[in-house]
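A short write-up of the structure that comes next.
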Amino acid sequence: MNTPTNGPANMPMSKPCHVNCIIPPHLFDKLLESEHDEVRKAAMDTLLTTTRLRGERGVRALFAGAVAPGNGRRTVFDCKHSTFLPGAEVAQVEDGPPAGDPSVTRAFDGLGKTRDFYRQVLRRDSLDDRGMRQDGYVHFGRKFNNAFWDGREMIFGDGDGRMFTDFTGSLDVIAHELTHAVTEFTAGLAYHNQSGALNESISDVFGSLVKQWSLNQPAEAADWLIGAEIFTPEVDADALRSMKNPGHAFDNALFGRDPQPDHMSRFVHLPDSEPGDFGGVHINSGIPNKAFYLTAIRIGGFAWQAPALIWYESLKASDVETQFQDFADTTYQKAGQLYGADSTEQLAVLAAWQEVGIQISGVPVGLARVRSLAADRSDGAGREDGLTALHQQIGALAAQVSGLAKEVSSLQGSK
């Protein structure tokens, strides 16, 4: 979920800020229909607490002073199951001793890995590119089924133990939520309809990339799942979302079937309202998610290298109301600027967007198809197969020429 509030103190007040939650509304709708009282109660308590926090976030944003740059320094606080953030105790600080609490340790490490990814891979100085400090709060509330970034800090629930586990256990969830801050400080993508779905997709992309980078994992070896660790063994689900196969992250009696589309022909039209997930931002994000996955696989190697840079530069070149088509066109242009026209990287981007039903502007469909075939054959095996086929064709033509020459000689000899 992501609900508008007033902007944080270190953002312009005219720029909207949101309470960004990892669990989407359609899953809470299913939990509220559960036949189990404890499941319904945990879901309702989580929703009520989140609603209260929206108001508190707005008041705090009005009176808080500017957040001083802190070189991305981390502080993790222990809420001790309270929902009153000012009363939380400091649990671990930068260069301080380990806390001895697994939740504190995971949150601290997750904040650090996300910070280090942006610093080392994309040369970004923390979330705002100005050294913004990173604060995290663990053990928030009781059986709180969510984790969120509220424009200023990261907050983790412990889960109810039945549906969800401790939310500090998923690195890609932590990186996903923190990336909402990166988006707010760059394009500021409006949180509704296509721009909102793109906002969610950017968080999924870099959430997955932080995990892959931390594991030194190539694109082919990655699971491309978001939130695989937050469900308990009792829940039959792979994850919240699958970037590789949108629409196939879960299919069970509790949550139903994953509603994400992987192609524009299956775009889900929902009301631009809170009950409608602001136009299905957590649902339609599956389309750009699939485009990034396909780009990374076609380029090969580590997805946090060329694919990440193309997407990051495209995010910086976007604005509040950027749509899918706009972003697709920008990624194609950036790939050309960074790696050259008709490079493997640019062809991969072209083919990926085409596969999810978005044609790059200015590239005729027929030409796009030809270039897409080139992208599909851009790996070594494809080139080898192409050369083999070419040699076979040349051999066949040579045989035909030889046969014709013999026939001509025979005809001449008979005269």
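These figures come from a predicted structure and were not determined experimentally. Residue numbers run from 1 in the order of the sequence given.
- For Tyr312, there are no ring-ring contact (aromatic ring centres under 6.0 Å, His included) partners, not counting sequence neighbours.
- Every residue meeting the side chain to side chain donor-acceptor pair (under 3.5 Å) condition with Asp223, not counting sequence neighbours, appears here in chain and number order: Lys211.
- For Asp262, the side chain to side chain donor-acceptor pair (under 3.5 Å) partners two or more places apart in sequence, or in a different chain, are Arg266.
- Applying the ring-ring contact (aromatic ring centres under 6.0 Å, His included) rule to His248 yields no partners; only residues at least two apart in sequence or on another chain are considered.
- Take Asp236 and apply the salt bridge (Lys or Arg N to Asp or Glu O under 4.0 Å) test, not counting sequence neighbours, and it matches no residue.
- Residues forming a ring-ring contact (aromatic ring centres under 6.0 Å, His included) with Phe164 (at least two apart in sequence, or on another chain): Phe167, Phe231.
- For the side chain to side chain donor-acceptor pair (under 3.5 Å) test, no residue two or more places apart in sequence or in another chain qualifies with Glu89.
- Applying the side chain to side chain contact (heavy atoms under 4.5 Å, CB included) rule to Met264 yields the partners Gln194, Phe267, Ile287, Phe324, Ile358; only residues at least two apart in sequence or on another chain are considered.
- Remark: Ser314 pairs with no residue by the side chain to side chain donor-acceptor pair (under 3.5 Å) rule, at least two apart or across chains.
- Residue pairs that meet the salt bridge (Lys or Arg N to Asp or Glu O under 4.0 Å) test with at least one member in residues 97-118, sequence neighbours left out, are Glu94-Arg115, Arg106-Asp166.
- Residue pairs meeting the salt bridge (Lys or Arg N to Asp or Glu O under 4.0 Å) criterion with at least one member in residues 322-342, sequence neighbours excluded, are Asp342-Arg371.
- Under the rule for a salt bridge (Lys or Arg N to Asp or Glu O under 4.0 Å), Asp160 has no partner lying at least two apart in sequence or in another chain.
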